[in-house]
Amino acid sequence: MSYKDALLYLESVRENGTKLALENIQRIIDNLPFSLENINFIQVAGTNGKGSTSHFITSILKSCGKSAGLFTSPHLQDIRERITINKEWISEDDFAESLFNVKDISEDLLEKGIIENIPTFFEHLFLTSLFYFKKNNVDFAVMEVGLGGRLDATSTLKPVISVITNISYDHTKTLGKRIKDIAKEKGGIIKEDTPVVCGCPIGSVSEKTISGIAEEKNSPVFNVTNSTNILKYEKRKEFYLASYITDIEEYNYKVYLNGEHQVRNAAAAIKVIEVLHNINKGFFFSKSDIEIGIETNHVPGRIEEFNTDPKIIIDGGHNEASIKALSNFLTERKKKDLTLVFGVLRDKKYKKMVSYLEPFSSNIIVTEPLSKRALPAEELKKVFESDKIYIEKNLKDALFLAKKINKEILITGSLYLAGEMRNLVSGGNNGYREI
């Protein structure tokens with residue numbers, strides 16, 4: 001089967017929708033034709049920052065000389081971004097081979113009555129990553145949670161470390177409307193006797209909830225920052241210069257990803273590496289491994305700047321907390337008079353998102369991400385107060401108009417929007433997009 005066949009097959013699977021449940025996928029995991037015991041899994045959950053933190057962890061592991069798989073979602077331009085080893089995308093041939101192994105096994109288990117349904121779209125990709133990581137005998141596999149945690153497919157694995165970056169409001173219809181409820185869903189990844197790295201502020205409802213769940217599971221919690229783990233940083237021209245003092249070491253490193261929140265994500269990754277050493281004395285790392293891993297880490301679509309004419313910033317911010325982080329960056333860089341290209345999914349708190357961005361924008365173009373859940377542009381337009389506002393549903397037309405205005409462009413509001421626009425700005429194979 002070819003890569004094109006693989007994409008067509010996934011298109012058909014997507015029509016079955018999503019199911020937040022573990023029984024079916026757990027039975028598949030239990031019946032895989034290989035063992036996962038030799039892979040050290042690191043599971044990463046959180047409302048924001050889990051993707052960037054996963055990338056930081058993988059980059060540091062690579063600099064330590066380890067083979068590190070990474071499973072993330074969604075993708076920006078190519079579905080193969082979701083499955084990498086040492087930051088290199090899975091090849092088209094390996095993707096097709098691994099995916100069709102998943103298909104064959106699932107259909108066999110369905111026929112035998114061991115499972116009731118074939119895997120969902122996300123579960124197919126999750127299982128594809130496992131086949132690929134096993135084939136290549138990776139030392140570690142960093143697994144980013146798709147949605148929530150407790151019922152996410154990645155929670156069928158037994159990780160060596162559970163990571164929870166932060167908790168804020170998102171997917172409230174599914175995860176709950178209170179921070180405590182959302183934290184319980186994220187904290188559902190915590191396994192018995194498994195260390196937890198937590199980036200939630202000390203004393204917050206989310207931190208207390210996570211700590212309570214960990215205590216019930218007899219799982220030690222390692223906070224990224226507290227009275228003995230201090231993070232300081234300052235902005236330089238092209239990077240953030242950070243100092244992270246932990247219980248055992250002081251690290252000084254440069255973060256080239258934009259936004260001060262990335263300094264905290266990097267610190268979370270460092271804490272994970274420290275804990276890895278604590279639980280496995282055979283795992284060694286140096287301060288230079290940390291520095292190189294962080295400094296060389298690049299994550300597309302995270303406040304990413306393009307030196308085009310006019311200049312363009314693309315950010316996958318898609319909820320209130322991530323847009324607030326973006327607005328902090330805009331304030332820090334003293335950005336103003338921007339042309340904002342904005343599109344959002346209807347289940348987001350888009351009114352609050354707009355309130356963070358409108359002060360930086362003199363011209364606004366509302367558009368629609370390529371998703372069935374996109375908020376209609378006409379409805380989105382009503383939220384803005386500006387009189388210089390335009391509707392361009394077609395993304396190519398929206399970008400053309402933004403360039404014609406000839407002021408610095410900011411594109412944000414949705415990962416789907418960021419990915420498609422990045423395709424138009426930088427080129428690349430879109431591959432397949434879940435919509």
Side-chain angles (χ1 to χ4, degrees), residues 36-46 49-50 52-71 84-87 133 137-144 154 157-165 189-200 202 210-211 214-215 217-233 242-255 262-297:
L36 299 172
E37 288 184 2
N38 292 333
I39 301 177
N40 295 288
F41 290 103
I42 300 171
Q43 189 183 14
V44 186
K50 63 182 185 292
S52 295
T53 300
S54 296
H55 276 273
F56 274 121
I57 295 169
T58 306
S59 188
I60 295 173
L61 288 171
K62 177 185 175 183
S63 71
C64 290
K66 300 299 182 181
S67 174
L70 173 62
F71 173 68
T84 68
I85 295 178
N86 287 348
K87 306 302 284 284
F133 295 156
N137 295 314
V138 298
D139 300 311
F140 294 90
V142 182
M143 312 298 288
E144 180 191 0
T154 59
L157 303 172
K158 178 66 170 72
V160 294
I161 298 176
S162 303
V163 186
I164 300 173
T165 56
I189 71 170
I190 300 172
K191 302 292 194 297
E192 295 282 347
D193 302 308
T194 302
V196 181
V197 171
C198 181
C200 301
I202 296 297
I210 298 302
S211 294
E215 185 176 357
K217 299 289 182 68
N218 194 36
S219 298
V221 176
F222 297 85
N223 294 297
V224 178
T225 56
N226 55 24
S227 60
T228 57
N229 290 263
I230 312 298
L231 177 62
K232 299 179 180 179
Y233 56 90
S243 170
Y244 183 40
I245 303 172
T246 72
D247 301 313
I248 62 173
E249 188 58 88
E250 178 177 351
Y251 305 91
N252 296 287
Y253 54 93
K254 299 174 183 176
V255 178
Q262 296 292 3
V263 179
R264 295 190 292 274
N265 291 334
I270 294 173
K271 181 57 66 176
V272 169
I273 298 299
E274 281 194 345
V275 175
L276 274 179
H277 176 68
N278 288 341
I279 62 177
N280 181 2
K281 297 303 180 182
F283 172 77
F284 296 99
F285 69 95
S286 67
K287 292 174 70 172
S288 64
D289 291 331
I290 297 289
E291 293 168 2
I292 293 170
I294 292 175
E295 291 177 18
T296 58
N297 186 40

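Side chains included, hydrogens not; waters and symmetry mates left out as well; all remaining heavy atoms used.
Among the candidates Val197, Asn40, Leu61, Ile60, the single residue satisfying the side chain to side chain contact (heavy atoms under 4.5 Å, CB included) test with Leu276 is Leu61.
In this structure, a donor-acceptor pair under 3.5 Å is absent between the side chains of Tyr233 and Gln262. For the 3.5 Å distance criterion, the side chains of Ser54 and Glu144 fail to qualify, holding no donor opposite an acceptor. In summary, the side chains of Glu192 and Ser219 do not present any donor paired with an acceptor at a separation below 3.5 Å, with no hydrogens or angles considered.
Here the shortest heavy-atom pairing between Asp289 and Ser63 reads O-OG, 2.6 Å. Across all their heavy atoms, Lys87 and Thr58 have their closest contact at CD-CG2, 3.9 Å. Thr84 and Phe133 make their closest contact through O-CE2, 3.4 Å (heavy atoms, listed as atom of the first residue, atom of the second, distance). Closest heavy-atom contact between Glu274 and Thr246: OE2-OG1, 2.7 Å. Residues Cys198 and Val221 come closest through the heavy atom pair CB-CG1, 4.1 Å.
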Next item on the list: Please step through side-chain contact (heavy atoms from CB on, under 4.5 Å) for the pair Asn229 and Asn223, ending with a clear verdict.
Entry: CA-CA 8 Å; Asn229 290 263; Asn223 294 297; over 6 Å; no
### Task
Begin from the C-alpha positions of Arg264 and Leu231 and carry the test side-chain contact (heavy atoms from CB on, under 4.5 Å) through to its verdict.
CA-CA 8 Å; Arg264 295 190 292 274; Leu231 177 62; 3.8 Å; yes
**Request:** Just do the side-chain contact (heavy atoms from CB on, under 4.5 Å) check on Tyr244 and Val263 with the steps written out, would you?
**Result:** CA-CA 9 Å; Tyr244 183 40; Val263 179; over 6 Å; no
| message | Tyr253 vs Phe56, test: ring-ring contact (aromatic ring centres under 6.0 Å, His included). Steps then yes/no. | response | CA-CA 12 Å; Tyr253 54 93; Phe56 274 121; 8.3 Å; no
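Looking at residues two or more places apart in sequence or on another chain, you find a side-chain hydrogen bond (donor to acceptor under 3.5 Å, both in side chains) between Thr228 and Asn226, Asp247. By the salt bridge (Lys or Arg N to Asp or Glu O under 4.0 Å) test, Lys287 pairs with Glu249, sequence neighbours left out.
Taking 4.5 Å as the limit, some side-chain heavy atom of Ser59 sits within range of a side-chain heavy atom of Thr296. For the pair Val138 and Ile39, the minimum side-chain heavy-atom distance is below 4.5 Å. With contacts defined as side-chain heavy-atom distances shorter than 4.5 Å, the pair Phe283/Ile273 qualifies. Pro195 places a side-chain heavy atom less than 4.5 Å from the side chain of Phe222. Looking at Phe285 and Ile290, their side chains come closer than 4.5 Å, going by heavy atoms from C-beta outward. Between Asn265 and Val255, every side-chain heavy-atom pair lies at or beyond the 4.5 Å cut-off.
Below 30°, between 30° and 60°, or above 60°: for His277 and Phe284 the angle between ring planes is between 30° and 60°, a tilted geometry.
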Output a table of donor-acceptor pairs, distance under 3.5 Å, between side-chain atoms of residues 157-164 and any protein atom two or more places apart or on a different chain; print 'none' if there are none.
residue, atom, partner, partner atom, Å
Lys158, NZ, Thr194, OG1, 2.7

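Here CD1 of Ile190 is found 10.0 Å from CD of Gln43. Values are rounded to the nearest 0.5 Å. How far CD1 of Ile57 is from CG of Asn297: 10.5 Å, rounded to the nearest 0.5 Å. Taking CD1 of Ile292 as the reference point, atom OG of Ser286 lies at 7.0 Å (rounded to 0.5 Å). For the atom pair CG of Asn86 and NZ of Lys62, the computed distance is 6.0 Å after rounding to the nearest 0.5 Å. Within the model, atoms CD1 of Ile270 and OG1 of Thr53 stand 11.0 Å from one another, a figure rounded to the nearest 0.5 Å. One finds the OH atom of Tyr251 at 11.5 Å from the OG atom of Ser243 (value rounded to the nearest 0.5 Å).
In terms of modelled atom types and a separation under 3.5 Å, the side chain of Lys66 and the main chain of Asp139 share no donor-acceptor contact.
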